[in-house]
Structures are given as structure tokens and as C-alpha cells.
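See structure below.
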Amino acid sequence: MAAALGKPLVGVHHMQGHALTPLLTSEEQDMPQFPFLTLLVSGGHTLLLLAESPVKFKILVNTIDQAVGRVIDKVSTLLEIPWTPLGPGDALEKYCESVQETDLLHLGDSIMHGRKDFSFSGLHSQVERYLHSQGGVHNLDNAHRRALAFSFQYNAFAQLEDKIRIALEWCEMKSIHVNHLVVSGGVASNHYLRKRLATCVKEFDPERPIGLVFPPPQYCTDNAVMIAWASMHRFLAGEHDDYGINLKAKWSIEELAGSDSMNPVI
């Protein structure tokens, strides 16, 4: 399209778009300052980064199997929760929003305490095994099914909290002063997650507030605004790419800082 219209083409890393969105959407007093942590949680990614500049990122924690958003969608389907217009993940959140933590079901430990990895396949399997032990989803009444949905969500988010604490401890050990945690991606629109993470960063160091920054919900999922915004520093500097550049299905965001050509990624 750029070639046909004679417009400049600027390549953007998809995850860079998510990470930088709050620099566009935040009020001045809430604007994250480099270096900051950014948690990218979606159906395709679960990634915890240290953002040092618009193009310099260090991966602190990555998923070794499935992304948290994908597993949320799968469990929502397993429990046969009717979709909302925003999809199965939003449906699961709303389905169990009235459940209290006193109603948690024991699914097993899937957090992998102390490890710098995300892994959600084990939690997915725990839900499957629980359903099998009960004779299938149709043997659960509505209250039981809601409790199971909430217990899954609780454990998934507990793992995110554990890795954030590990990342903050690593930053302290390296004398990297982090004042903000940015959370983006489709799962970032989950209100229960927002509540849990607010408590997590507050409890990490009550004497040193860490700002928690979320883009507006409409900018949490994939959108053109985040890609356009991530391209602006190169566009304004007059840096454009050749029309013949190729898409990259796999491209580490850590390679951005040393890349001569910012080929886009899908």
C-alpha cells in the first residue's frame, strides 16, 4: 500500500508497539519514565521486559510454552462459558467476577516459584484433570463451574505476580531504579488482573511507590495506533525502510537496539 501511494514505509516490531503505547495514552503525571518494566500479556505473548529506551529492551521473563491469553481462551472453552462480544477471555472474567477468594478450589501449584520463566500449559492441564475427576463439565453446577473458572484465573495471575517480583528484585540487584510497571496486551484489560497487580507492586516496597500503568482498554489489544506511535521516532528522524522488506515471524525484541533495518514482525 505504501508503494502504491508513494508514502514512506517504517517497519515496527509488534511487541515494541505494545510496550510504548502508554507513552502516548498516559497523562503527564502518570507517564512512565525509562527504565521501566513492561509486562506484555496477550493470546500470543507473555513477556516481561526491561525497557531502557524506545528501541532498547531486555527480556527478563518469557514463556516456555503457551501464552496466558491463549490458555485463558482454552479454559473458557473447556468450561463452555458463553462468549461476550469481546471474546472468551472477557467472558471468563465476567463469568467468575462474583466469586470470592474463600471459594478457591485446589488445582495444584503451577507458579514455578523462583524461576525466570512463564508456563501456563501445566495450569491448563490441571483444569482438565479437575474436570475429569468430576466426571466432566456437565457434572458441575453453575456455582461450581464459576469457582473453577475463578480458581484458574487466580492461579494464572499469581504466576504473573511471582515473575514481576523476581524482575523487580533483579533490577534492585543490578542497581536499576525502576519507577513504573507498564502492562499491555489484550489480557491487560482484565479488571481483576489490574487489582491484583496494584497490590503486588504496593507490597513489594511500601516505602517506594511503583507506578502501575495500563493503556485504555481499547488500546490493550492489537491496534493500528500502537504501531503508528512506535514508528514515530524513526519517521520524524527521516528513517524509512525499503518497500522490499520482508515480514519476520520470529524476531527477538532485544535485537532492535542493534538492528540497521527495523523490519516489521508479525
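Computed from a prediction, not measured in an experiment: that's the story for all the values here.
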Is the cationic atom of Arg70 (NZ for Lys, CZ for Arg) positioned less than 6.0 Å from the six-membered ring centroid of Phe120 and within 45 degrees of its normal?
-> no
Counting N and O atoms only, with roles assigned by atom type, does the side chain of [X] sit under 3.5 Å from a partner on the main chain of [Y], one being a donor and the other an acceptor?
X      : Y      : result
Thr77  : Asp73  : yes
Asp90  : Leu86  : no
Asn139 : Gln134 : yes
Lys7   : Met1   : no
Gln16  : Pro54  : yes
Ser151 : Ala147 : yes
Ser184 : Leu40  : no

Do NZ/NE/NH1/NH2 and the carboxylate oxygens of Arg145 and Asp141 come within less than 4.0 Å?
->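 No.
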Please lay out, stage by stage, how Arg196 and Glu161 fare under the test salt bridge (Lys or Arg N to Asp or Glu O under 4.0 Å).
-> CA-CA 8 Å; Arg196 288 277 296 273; Glu161 291 172 322; 2.9 Å; yes
Do [X] and [Y] have side chains that get closer than 4.5 Å, going by heavy atoms?
X      : Y     : result
His180 : Met31 : no
Cys96  : Val99 : yes
Asp117 : Asn62 : no

Tabulate below the donor-acceptor pairs under 3.5 Å that side-chain atoms of residues 197-212 make, not counting sequence neighbours, or state none.
residue : atom : partner : partner atom : Å
Thr199  : OG1  : Lys195  : O            : 3.3
Asp205  : OD1  : Glu207  : N            : 3.1
Asp205  : OD1  : Arg208  : N            : 3.4
Arg208  : NH1  : Val178  : O            : 2.6

Side-chain donor-acceptor contact under 3.5 Å, Gln126 with Asn155 =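 No, no side-chain donor-acceptor pair sits under 3.5 Å.
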What about the rings of Phe36 and His177, do their centers lie closer together than 6.0 Å?
-> no
Quick one: are the ring centres of Tyr95 and Phe150 less than 6.0 Å apart?
-> no
For the residue pair Tyr192 and Phe157, categorise the inter-ring angle as parallel (less than 30°), tilted (30 to 60°) or perpendicular (more than 60°).
-> tilted
